[in-house]
Amino acid sequence: MQRWLMKTEPDTFSIDDLRTRKVEPWNGVRNYQARNFIRSMRRGDEVMIYHSSCAVPGVAGLGKITSAPYPDPGQFDPKDPYFDAGSDRGNPRWTLVDVRFVRKLKRVITLDEIKALRNLGDFALTRRGNRLSVLPVSDAQWQAILALE
DNA sequence: GCCAACGTTGGC
DNA sequence: GCCAACGTTGGC
């Protein structure tokens with residue numbers, strides 16, 4: 001089983017929205033590196049749900065991958081904000097997975113706290129200038145972050 | 001293939 | 001709202 005972190009802007013889709021929806025197709029990822037991580041996901045992988053572009057950025061909850069990767073339907077819909085005219089139906093460019101709500105953390109574990117952990121090793125979340133919206137989390141990183149809860 | 005211009009992300 | 005960092009686009 002692999003572990004991941006997926007970012008979302010809580011003003012658009014928060015951990016509370018995921019709890020309400022129970023399972024959500026994680027649509028709209030339009031970055032090749034993030035897409036490649038999505039394509040390597042498997043049913044049962046665990047995910048940290050991270051709130052970005054908000055007052056207190058940080059890990060807000062946990063989820064689980066409940067589907068194999070499959071084509072993001074929005075790429076073919078001209079009315080979809082993530083429409084991509086260059087994507088070929090025979091070889092879709094963009095992929096998503098379904099994410100199921102697992103739990104909301106008792107409190108948000110903030111980016112500041114995560115940065116202050118000195119023993120995380122190489123971590124895409126805290127790399128300088130990082131903008132990846134989907135990134136891998138090692139077992140050690142996962143445990144060190146959740147130990148802060 | 002280079003690289004300047006442009007758009008987006010996301011912390012602050 | 002600002003802006004640094006980065007990805008993408010497109011002219012050459």
Side-chain angles (χ1 to χ4, degrees), chain A residues 2-21 24-41 45-65 67 69-138 140-149:
Chain A
Q2 308 166 97
R3 289 173 157 149
W4 309 94
L5 181 147
M6 300 174 97
K7 297 180 183 175
T8 182
E9 299 188 12
D11 292 347
T12 304
F13 190 85
S14 70
I15 189 68
D16 291 323
D17 295 321
L18 183 59
R19 175 163 53 190
T20 302
R21 304 270 300 190
E24 181 73 2
W26 208 265
N27 67 308
V29 173
R30 295 292 181 270
N31 167 281
Y32 286 106
Q33 205 178 344
R35 181 207 67 180
N36 291 342
F37 285 134
I38 287 176
R39 287 185 175 179
S40 68
M41 289 180 176
D45 285 0
E46 295 185 341
V47 189
M48 287 177 170
I49 306 298
Y50 177 93
H51 283 175
S52 67
S53 294
C54 58
V56 185
V59 176
L62 304 180
K64 189 163 275 205
I65 304 303
S67 75
Y70 62 101
D72 183 341
Q75 69 195 303
F76 301 122
D77 178 0
K79 292 187 292 297
D80 189 284
Y82 301 106
F83 174 65
D84 181 353
S87 183
D88 173 10
R89 280 183 182 276
N91 182 21
R93 185 175 286 171
W94 304 114
T95 305
L96 55 68
V97 287
D98 294 340
V99 178
R100 176 167 60 78
F101 176 82
V102 171
R103 71 181 179 93
K104 183 177 179 176
L105 300 193
K106 293 193 274 288
R107 65 182 189 87
V108 172
I109 299 172
T110 68
L111 179 60
D112 281 348
E113 293 176 86
I114 295 169
K115 282 180 178 168
L117 292 173
R118 292 284 88 188
N119 54 349
L120 289 185
D122 186 39
F123 190 28
L125 182 70
T126 49
R127 248 179 242 152
R128 182 171 152 279
N130 163 65
R131 291 164 45 183
L132 265 183
S133 62
V134 177
L135 52 99
V137 180
S138 72
Q141 289 160 352
W142 182 278
Q143 282 157 26
I145 291 167
L146 288 185
L148 296 173
E149 185 184 10

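Note on naming: letters A, B, ... go to the chains in the order of the sequence lines (proteins, then strands), and numbering restarts at 1 for each one. Heavy-atom basis, side chains included; hydrogens, waters and symmetry copies ignored. Predicted model only: the values in this text are computed from it and were never measured.
Side-chain proximity of A:L111 to C:dA5, C:dG7, B:dC12: nearest is B:dC12. Of the candidates B:dC12, C:dA5, B:dG10, the closest approach to any side-chain atom of A:D112 belongs to B:dC12.
Rounding to whole angstrom units, OH of residue A:Y32 and P of C:dT9 are separated by 7 Å. One atom, CG of A:D11, and another, P of C:dG1, lie 14 Å apart when rounded to the nearest Å. The CD atom of A:Q33 sits 14 Å away from the C1' atom of C:dT8 (whole-angstrom rounding). Atom-to-atom, CG of A:D84 to C1' of C:dT8 comes out at 12 Å; the value is rounded to the nearest Å. Residue A:N31 contributes atom CG, which lies 18 Å from atom P of B:dG7 at whole-angstrom precision. Residue A:L132 contributes atom CG, which lies 13 Å from atom C1' of C:dA5 at whole-angstrom precision.
Between A:Y32 and A:W94, the ring centre distance stays below 6.0 Å.
The environment of A:F83 atom CZ is dense: over 12 non-hydrogen atoms of other residues, nucleotides or ligands sit within 6.0 angstrom.
The shortest distance between the side-chain N/O atoms of A:K7 and the OP1/OP2 oxygens of B:dG10 is below 4.0 Å. For A:K115 and B:dC12, the shortest distance from a side-chain N or O to OP1 or OP2 is below 4.0 Å. The side chain of A:Y50 places an N or O atom within less than 4.0 Å of a non-bridging phosphate oxygen (OP1 or OP2) of B:dG11.
Among the atoms of the strands shown, none is found under 4.0 Å from any heavy atom of A:L125.
The shortest side-chain heavy-atom distance between A:L96 and A:P73 falls under the 4.5 Å cut-off.
In summary, A:D72 and A:R30 engage in a salt bridge, as defined by a charged side-chain N under 4.0 Å from a carboxylate O.
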